[in-house]
Structures are given as C-alpha cells and as structure tokens.
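Have a look at the structure below, then the notes.
Order of the sequence lines sets the chain letters (A, B, ...), proteins ahead of strands, with each chain counted from 1.
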Number of protein chains: 2
Amino acid sequence: MQLSKSSQYAIRILSYMANHKDSKVMTATELSEKLDIPYKFLTKIMTDIVKAQLVISIRGRDGGYAFAREPSEILINDILEIFHDAIEDEQCVLGIGFCNGITKCALHDQWMEPKMLMQKMFRESTLEKIAGQGCKI
Amino acid sequence: MQLSKSSQYAIRILSYMANHKDSKVMTATELSEKLDIPYKFLTKIMTDIVKAQLVISIRGRDGGYAFAREPSEILINDILEIFHDAIEDEQCVLGIGFCNGITKCALHDQWMEPKMLMQKMFRESTLEKIAGQGCKI
DNA sequence: TTCAATTACTACTTATGGGTAGAAATTAAA
DNA sequence: TTTAATTTCTACCCATAAGTAGTAATTGAA
C-alpha cells in the first residue's frame with residue numbers, strides 16, 4: 001500500500017521546482033543531484049511529465065525543464081494520474097469487477113471513508129500549497 | 001496506490017471463510033472455485049497464511065483450512081502484514097528516509113490524516129465485523 | 001495395505017516496475 | 001560551422017510480483 005517510485009520521485013521533483021520558482025529552468029543534472037534521484041530514471045520520468053503537459057522541456061544548451069502552468073494550477077492528483085497511481089472512483093479495493101452500491105466487496109463500506117479523504121487530499125493539494133511549507137526535499 | 005493481489009485474495013478468502021463458519025474446514029478447491037482465484041496461487045497464499053498462524057491446515061483426506069483463532073480476533077491489518085502491505089508508522093509516503101516531525105517530506109502534513117484513518121480502519125476491522133455484511137465475495 | 005483426497009514444497013514462467021546504456025536530436029554560443 | 005550542453009528515444013538489464021507445473025508428504029477410509 002504505497003505510491004510507485006515514479007510518483008514519489010515526480011512529486012518530489014515538481015515540489016522542488018515549485019520551491020525554486022526564481023530559477024526559470026532547471027536541468028535534469030541539477031534535479032538529479034539535489035534530490036538524489038538516478039539521472040537516467042529522472043529523465044525518463046520527466047519525459048512522461050512533459051507529455052502530460054505539466055512542464056515544458058527546453059532542449060539543447062541552456063535547456064532544462066520549466067512549468068507549463070502555474071504550480072497553483074497543478075494538483076498532486078494530476079501527477080498520480082500520469083503513473084496510474086490515482087485512486088479511481090469505480091476501482092475496488094479488493095479488485096473485484098462488480099463492486100458498487102448493490103453488490104459490494106467485503107471492505108466496501110469500511111474503505112469508503114479513508115478512500116474519500118485520500119482522494120480529497122490528492123485532488124485539493126496544489127504544488128504551490130505543498131511547496132510553501134519549508135520542505136527542502 | 002492499491003493492495004497487492006495477494007492481500008486482496010487473502011482478505012476475500014478469509015472473509016469468505018468467516019462467512020461460512022458452519023463448515024469447519026474448507027478446501028482449496030472449494031475456495032478457488034467459489035472465489036474465482038487460481039488454484040495454485042491460492043494454495044501458495046494459504047501456505048503463507050498458515051505460517052502466520054491465522055489459519056491451520058489439515059492435510060490428507062477430508063483436510064482443508066480452518067481458523068486458528070476466532071474471526072473476531074483477526075484484523076485486516078494482520079493479513080496485510082503477511083504480504084508487507086500494511087502502512088507502517090515510520091514509513092514516508094514519498095519514500096524519503098528522514099521524514100519525521102522535524103525534517104519532513106512535502107506531503108507529510110497532508111498525508112497524516114488520511115494515513116491515520118486508513119491505519120485505524122485496517123487495525124480495527126475484524127474479519128467477523130466485515131463478514132457480517134451480507135457480502136458473498 | 002492400498003487408494004484417493006488433500007496440503008506443502010520446489011522450481012519454473014511471465015509480467016511489470018525500477019533502473020541503466022548508448023546514441024540521436026536539438027540548440028545556444030563561441 | 002563547430003562544439004558543448006542539453007533532452008529524447010530505443011533498447012536493454014535486474015528484481016519482484018503474479019501465476020503455473022509437477023511431485024512429495026500426509027491422512028482417513030475402504
């Protein structure tokens with residue numbers, strides 16, 4: 001019961017970038033070193049994030065990554081969706097295909113409250129919000 | 001962000017058994033058919049659950065599986081622990097090693113409430129409780 | 001004792017996530 | 001135009017989860 005490495009890294013990367021909005025672009029090298037994330041893995045993840053249009057990439061000399069939208073407009077849930085880690089409404093915690101109001105799994109009722117709270121948190125936390133907390137990593 | 005197949009299957013199996021306490025032992029064949037879980041995978045999981053002493057196994061003819069303790073004494077969290085799916089107190093949602101009250105990850109504060117609620121749910125839901133809800137699967 | 005019904009064990013295969021290597025493409029500046 | 005700094009692409013490798021196959025061990029009953 002945890003987030004994938006890709007989601008963990010992505011959240012750390014983007015929250016770090018949001019924390020350093022003064023520098024317009026940040027390179028993969030800098031992010032990799034500052035956040036202690038394997039360089040090659042980081043570039044792979046960043047390519048996914050660029051395709052999802054949360055950031056833009058500038059290739060070539062003096063290139064790097066920059067936000068495509070304001071950090072106040074980017075939700076943690078947007079990041080989780082890229083790596084298929086978001087908690088979907090219709091998805092059953094026990095993995096059965098017909099878990100709804102009528103036929104439901106053994107944990108359906110108990111799971112409802114923590115699930116809703118988690119979804120709410122992921123869907124209401126913007127990068128700007130979590131960045132302004134004095135977190136360095 | 002979801003449980004492993006092993007945990008999902010295990011919860012379904014044990015909650016099914018708790019729902020059918022009249023039959024003392026249940027065979028792997030019956031569980032596999034009723035719950036639509038691959039037979040070989042089910043027996044592998046059951047062996048782990050037996051080792052964790054939640055159920056006992058009776059080998060040989062007329063054998064099968066039976067509870068080692070009352071379903072009212074078995075928590076969902078006990079099952080998650082077997083397959084390393086439980087949410088540990090000290091485990092950071094972003095996977096950093098020094099996430100505590102002083103130095104904390106970007107999501108630390110936001111994660112606290114849903115995490116606590118989830119832990120509480122897994123640690124307070126007994127098999128008996130979730131079984132008595134008219135769930136067949 | 002033999003047989004059939006059962007779980008346990010060992011070893012394998014397949015799928016997926018995490019991670020790495022090398023080269024290609026792009027671009028600003030010298 | 002050349003060079004160096006960058007991202008991107010393709011193709012791998014490794015570890016683990018998920019699932020399968022075959023056989024050994026156990027046991028009640030005929």
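For the OP1/OP2 pair of C:dG17 and a distance below 4.0 Å, the side-chain nitrogens and oxygens of A:Ser6 include no atom meeting the criterion. Close to D:dT7, at under 4.0 Å from its OP1 or OP2, lies a side-chain N or O of A:Tyr39. Remark: B:Ser4 is not in phosphate contact with D:dA17, judged by side-chain N or O atoms under 4.0 Å from OP1 or OP2. An OP1 or OP2 oxygen of C:dG17 is reached within less than 4.0 angstrom by no side-chain nitrogen or oxygen of A:Tyr9. Distances shown here put a side-chain N or O of B:Thr47 below 4.0 Å from the OP1 or OP2 atom of C:dA8. At C:dT6, none of the side-chain N or O atoms of B:Thr29 fall inside 4.0 Å of OP1 or OP2 (strictly under the cut-off).
Looking at B:Ser32, its side chain does come within 3.5 Å of a backbone N or O of B:Ile37 through a donor-acceptor pair.
Taking atom CZ on B:Arg59 and atom P on C:dT7, their separation rounds to 10 Å, with Å as the unit. Between the CG atom of A:Asp36 and the P atom of C:dG19 there is a distance of 11 Å, rounded to whole Å. Going from atom CD1 of B:Ile56 over to atom C1' of D:dT26 covers 15 Å, rounded to whole Å. Taking atom CD1 of B:Ile45 as the reference point, atom C1' of D:dA17 lies 11 Å away to the nearest angstrom. Between the CG atom of A:Leu42 and the C1' atom of D:dT6 there is a distance of 13 Å, given to the nearest Å. Rounded to an integer number of Å, the gap from CE of A:Met26 to C1' of D:dA5 is 17 Å. The interatomic distance linking A:Gln2 (CD) with D:dT16 (P) rounds to 13 Å, in whole Å. As a whole-Å value, the separation of A:Ile58 CD1 from C:dA29 P is 13 Å.
For D:dG22, its base sits under 3.5 Å from the side chain of B:Lys40 at one donor and acceptor pair at least. Residue A:Lys44 places no side-chain atom within donor-acceptor reach of the base of C:dG17, judged by atom type and a 3.5 Å distance cut-off alone.
Taking 4.5 Å as the limit, some side-chain heavy atom of A:Met1 sits within range of a side-chain heavy atom of B:Met118. A:Asp85 has its side chain out of reach of A:Ile79: every pair of non-hydrogen atoms, C-beta onward, lies at least 4.5 Å apart.
In this structure, B:Phe83 and B:Asp62 both approach DNA chain D, and ranking their closest nucleotides by distance from the 5' end singles out B:Phe83. For B:Thr43 and A:Phe41, each mapped to the nucleotide of DNA chain C holding its nearest heavy atom, the one lying further toward the 5' end belongs to B:Thr43.
Using a 4.0 Å heavy-atom cutoff across all strands shown, B:Ser57 reaches sugar-phosphate atoms only and no base atom.
For A:Lys5, counting side-chain heavy atoms from C-beta on, the closest listed nucleotide (D:dT26, C:dG18, C:dT20) is C:dG18.
Within the structure, every pair that satisfies the salt bridge (Lys or Arg N to Asp or Glu O under 4.0 Å) test and touches residues 116-132 of chain A, not counting sequence neighbours, is listed here: A:Asp89-A:Arg123, A:Lys120-A:Glu124.
B:Tyr9 and B:Phe41 have perpendicular rings, their planes meeting at more than 60° on a 0 to 90° scale where under 30° would count as parallel.
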